[in-house]
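Labels below follow one simple rule: chain letters A, B, ... track the order of the sequence lines, proteins then strands, and each chain is numbered from 1.
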Amino acid sequence: MLTIKNLHATVDGQEILKGLDLEVPEGEVHAIMGPNGSGKSTLAHVLAGRPGYTVTAGSVHFKGRDLLALSPEERAREGVFLGFQYPVEIPGVNNVYLLKAAVNAARAHRGEPEVDAFEFLTLVREKMRLMRMDESMLSRGVNEGFSGGEKKRNEILQMLVLEPSLAVLDETDSGLDIDALKIVAHGVNTLRAPNRSQLLVTHYQRLLEHIVPDRVHVLVKGRIVRSGDRTLALELEQRGYDWLISEAA
Amino acid sequence: MSSAVLNRLKDEYGAVRAVLPPGVIGAERRREALEALCAQGLPAARDENWRYTDLRILEQARFAPVQTQAAALPPLPEVPEGFARYVFVDGRLHSGAGAAHGVTVHTARTDDASAAAWRLEARLPEARLALLNETFATDAVSIEVAAGTQAAGIELVFIASAAATEGASYPRVRLALGADSRLSVIERHLGRAEAPSLVTSAVQVDLAPHAALTHYRVQQLGAQAAWFDTLSAELAADARYEMLAVGAGALSARSTVHARLSGRGAEFSLAAAALADGQQSLDLYALSEHVAPRTRTEQTFRGIASNRSRAAFNGKVVVREGARGTDSRQSLRGLLDGAQCEVDLRPQLEIYTDEVSCSHGATAGKLDENMLFYLLSRGIAPEAAQHLLKWAFLEDVIAKITLSDLRRQIETTLLGQMRELETLKELL
């Protein structure tokens, strides 16, 4: 699904990713963990194609295609979804209609007709119930006046409706209380499928109590310094990151 | 340029004065208006409160009113439900009839409109182009609402059909609401796409105690047209005047709005949206004058300038001595879309008394990069994403249009103005 080789990337002229290698096979859920400033969010934004994040070396392939050659909107239509750590509020742009436009953009890209309005709304309502979101969010602006937890749930709602092949969730757990965390985790788990992959970027392992990853990778100073199964996350919870930082140095 | 233009103005008046209808404005009054205008001179860019207006069209335009019959009319939008429509073409009544019980509509055709209590003498130098209207007006519409009447609405459509070389047009409107009455008015200015028309409108609003007027003003003139507009409102005690103005058309548009709150507890709110593109210059000068105690005003402006265009809002609030307990708010925002466009926001406040609450904010900036990327990351095309954000920017004003038929029409218009993708209509 996703193959990253020797990825180097800079932000504001400063190199953040320094030769990152990562392979996420189809159907698997991988977690990227690491201390603050290790490059986790940079990786997420590079994958989504955010302007200002410059790839200086290396390659990223998504379903065998060169992902870096695609514009941000093409990546989205091809099935890459970024769940933002800090989703923006866009007053005046209706939440649900943006979602519909996103679905139709992907459908048009695949040569499919537009989604039926009634079926779409039924689907959105169903997913909203799953995310325990209030119906009033249907008529509100994108994330407008949402609490931190509501914004994160809205990100997962979008993901559930868009059904991406690859979801990159950037610190989706940050700022969530335990109830919201469980709801978000449940949403993510329902999307697990043999033809989908997920990359969870997180600082703490508590999200991984609810979403069990196939692999855990530790990112330190722009490189993956260790990979393992879920027990690696537990080990990090006990020992912290310092031992890996000193090993990397 | 001014004296040469003024001489031409006088000559043109001399040539047509015999055919100007005395039933609209008497000959003596026209002559006085012209003299007053000539004494003041035409506005110029060096005048502080005209510096954002593109006045160049005045140098070449023909001032005498259009005399020819209009060719085919452009297609008109649906009449919003519950509204009686009156259509004026190049400044003359073309069609229209009827109004709700308690509402009287006078025009030059029906009776002597000059008898109405017009007071469009320009009190301010910013309002002096009302004198041009007074000199040349070929028709006038005076709408009177009897005391206690809760009327639905009147729609006034002014179509500029002729080119400026054939002459100008002078829409003239008076809205007079009796005590405790209520009225909604839609005022539209439309034009043929290619006609470089000169439209000089004058509107007078008189609100008796406890009267409530909702006034929608939609300016969608053709891309070559010029619109110079003057509106003067007088609010008695506890009167409420809500104005919603959307400007998207014309090459050069300037609107001067002066609301005088002379009765205790009167309220005036102005919400305006301007969408400028190409070489357009859209300028709005608004003066809210608090005269009586406990009066309230609000000014909201959202302006977008793209390419080489300009959107300007010059909003002045004056609190006179004795207007204690006044409350005034201004929220002005501009969005710049391009390196060569211009947004001018000028909040001004003059206070001559104590115990007032006045706030204002003015910001101008570019599209938010974070919002833009968020939309791209959801698969929205860059151009569509930009349009969507511009749309959202105007929403503070558009959302105030509670008349759903009109709101939909304006949304469609603005989307057209943004050369919008069909799919984005879905997003509304």
Got a salt bridge between B/Arg310 and B/Asp344, using NZ or NE/NH1/NH2 to carboxylate O under 4.0 Å? yes
Salt-bridge present (A/Glu155, A/Lys151; N to O < 4.0 Å): no
With a 4.5 angstrom heavy-atom cut-off, could you sort out which part of A/Glu89 is near chain B: side chain, backbone, both or neither? backbone
Tell me, out of A/Ala76, A/Pro164, A/Gly49, who's got the most heavy-atom pairs with chain B below 4.5 Å. A/Ala76
Which atoms of A/Ala106 approach chain B - backbone, side chain, both or neither, heavy atom under 4.5 Å: neither
Any salt bridge between A/Glu171 and A/Lys40, counting N to O under 4.0 Å? yes
Regarding B/Lys366 and B/Asp337, does a basic nitrogen lie under 4.0 Å from an acidic carboxylate oxygen? no
Contacting region of B/Leu375 [heavy-atom separation from chain A under 4.5 Å]: side chain
What option among B/Gly379, B/Ser377, B/Pro382 has the most heavy-atom pairs under 4.5 Å with chain A? B/Gly379
Turns out that what part of A/Asn143 lies under 4.5 Å from chain B's heavy atoms comes down to side chain
State whether B/Glu298 and B/Arg329 are salt-bridged, where the test is any N-O pair (Lys NZ or Arg NE/NH1/NH2 against Asp/Glu carboxylate O) under 4.0 Å. no
Look at B/Glu395 together with B/Arg407 and state whether they make a salt bridge at an N to O cut-off of under 4.0 Å. yes
Part of A/Val103 within contact of chain B (heavy atom distance under 4.5 Å): neither
Pair A/Asn154-A/Arg140, side-chain donor/acceptor within less than 3.5 Å: no
Please classify the contact between A/Pro87 and chain B as side chain, backbone, both or neither, with a heavy-atom cut-off of under 4.5 Å. both
Interface residue of largest heavy-atom contact number with chain B, from A/Gly52, A/Pro91, A/Gly141, A/Ala108, under 4.5 Å: A/Pro91
I would like to know whether B/Glu155 and B/Arg188 meet salt bridge (charged side-chain N to carboxylate O under 4.0 Å, His left out); could you show each step before the answer? CA-CA 8 Å; B/Glu155 187 196 33; B/Arg188 294 182 197 267; 2.6 Å; yes
Is it the backbone or the side chain of A/Arg75 that comes under 4.5 Å from a heavy atom of chain B, or both, or neither? neither
Winner by heavy-atom pair count (cut-off under 4.5 Å) against chain B, out of A/Glu78, A/His109, A/Glu74, A/Arg50: A/Arg50
